[in-house]
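Worksheet: one structure, shown below.
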Amino acid sequence: MDFLGLYLSIPFCRSKCTYCNFASGVFPAAWHERYVARLEEDLRAIRSHAKTWGATIPAAADSIYLGGGTPTLLAPALIRRLFTALRREFAVTPTAEITVECAPGQLDAPVLDALVESGVNRISFGVQSFIDSEARQTGRLHSRSVALEDIARVRSAGIRAVSVDLIAGLPGQTLDSWFESLAVLAGTGVDHASMYMLEVDDESRLGREVLLGGERYHAQQVPEDDQIAEMYAEAIGFLAGCGLAQYEISNFARPRCESQHNLKYWRRQPYLGFGLDAHAMLRGRKGAALRFATMDDLERYLAGPAWPEPPRALTREEELEESWFLGLRLNEGVSLAALREEFSPAALRDCLETVAELEADGLLQRFDTDRIALTSRGRLLSNEVFARFLAEPALA
Ligand code: SF4
């Protein structure tokens, strides 16, 4: 039986980090209440939309994730309202994983109390670096000591599952300072870590400056690509040595502490996303995957319909492509037996040729007879690997 994942996007931030390419920003606090009211409206309305679209919403949800943004900037009363609305509209299993993202230094005591009362059992801290100068240069508002205190505070409040995010490739970062951040992370004993390589694109101020060759935001101090790749590769072994095994390109966990919510994305299980720039996937008639998303402009989102476009049913070809590029993100890889059940032999034939080529290039490996996964080199070049599956000819 499929369970549902529920994602709520809370796009409010106290300041905008230079590397951030999310649809979040510094908006007036007076908008918080309107935004929560809007979320409540959408939570109420989704069932009738799903009916119109012919989409199936699983009976119960086993994961909730509040991300953003900085959800803990909401007043405690607004946080309680959101969880009340979620539980009113959806049956949430008693063992559901309930995660809230948190920026260190931005978790007031009454907010933490509201999270605990609302059943939150996992916090994901966006630390990015435990080196104070690196955090400061990118606009983060915390120091190492504040981050460590906050991790201790949520644990003593009874929230035992804690994840820490780090970014490899921040301005001024060196291999030594990276190892220092990793060692501090290991010292916290957290059960989950996410590690991202800096994304240089024109969606962030730092990314744009790097692309332009400018000097603002310490862009000249961004490490070279091969240094960032070395940081990433070194971290995998380091974290494994601390009991945090890699289970996805950017994610590491102790046994049975993988993010159940995020696993849904890569395993193509159903989830609903509410709020600004939130994505969703449900199954429609005949089991086809239906994908849909909300707007990424806050004022338009507050004023307009949440889902301006009806969902798009993926073609069989797109479903197969997704099975590869999402499944290959996971260390467990893609099961050929499962693909054979879902897709026709003709559809798979071209993919298997691609798999053989990528195996020969040392980017994919086969294990347990029928599972295909990225190699270590394949993880560094994952976008190249995924593109090879997207380039498959149309299915018969
Ligand atoms: S990285 Fe997180 S805290 Fe920083 S601006 Fe982006 S969403 Fe806000």
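Since the structure is predicted, the reported quantities are computational estimates derived from the model, not experimental observations. Note that these values count all heavy atoms, side chains included, but never hydrogens, waters or copies made by symmetry. Read the numbers this way: they start at 1 and go in the same order the structure lists the ligands and their atoms.
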Assess R38 against Y301: is NZ or CZ under 6.0 Å from the centre of the six-membered ring, and within 45 degrees of the ring's axis?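 Because its charged atom sits under 6.0 Å from the ring centre and within 45° of the axis, R38 does stack over Y301.
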Do R144 and F130 meet the cation-pi criteria used here (NZ or CZ under 6.0 Å from the six-membered ring centre, within 45° of the axis)?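 No.
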Who's the nearest protein heavy-atom neighbour of [atom], and how far?
atom: atom 5 (S) of ligand 1; value: C17 N, 3.3 Å
atom: atom 3 (S) of ligand 1; value: R140 NH1, 3.4 Å
atom: atom 7 (S) of ligand 1; value: G69 N, 3.0 Å

Can you sort out which atoms of ligand 1 are near [X], meaning under 4.0 Å from one of its heavy atoms?
X: C13; value: 3 (S), 5 (S), 7 (S), 8 (Fe)
X: S15; value: 5 (S)
X: Y19; value: 1 (S)

Check whether any heavy atom of E101 sits under 4.0 Å from an atom of ligand 1.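 No, E101 has no heavy atom closer than 4.0 Å to ligand 1.
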Atom 6 (Fe) of ligand 1 contact by C20, N, O or S atom under 2.8 Å: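 C20 does place an N, O or S atom closer than 2.8 Å to atom 6 (Fe) of ligand 1.
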Transitive ILVMFWY side-chain link V127 to M197, under 4.5 Å: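 The answer is yes; both residues are in one hydrophobic cluster.
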Inspect the contact between R47 and E89 and indicate whether a charged nitrogen and a carboxylate oxygen are less than 4.0 angstrom apart.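 Looking at R47 together with E89, the answer is no, because their closest N to O distance does not fall below 4.0 Å.
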R312 bridged to E318 by N-O distance under 4.0 Å: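 Between E318 and R312 there is a salt bridge, with a charged N closer than 4.0 Å to a carboxylate O.
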Stepwise, does the salt bridge (charged side-chain N to carboxylate O under 4.0 Å, His left out) test hold for R268 with E319? CA-CA 9 Å; R268 305 182 66 238; E319 294 225 29; 2.8 Å; yes
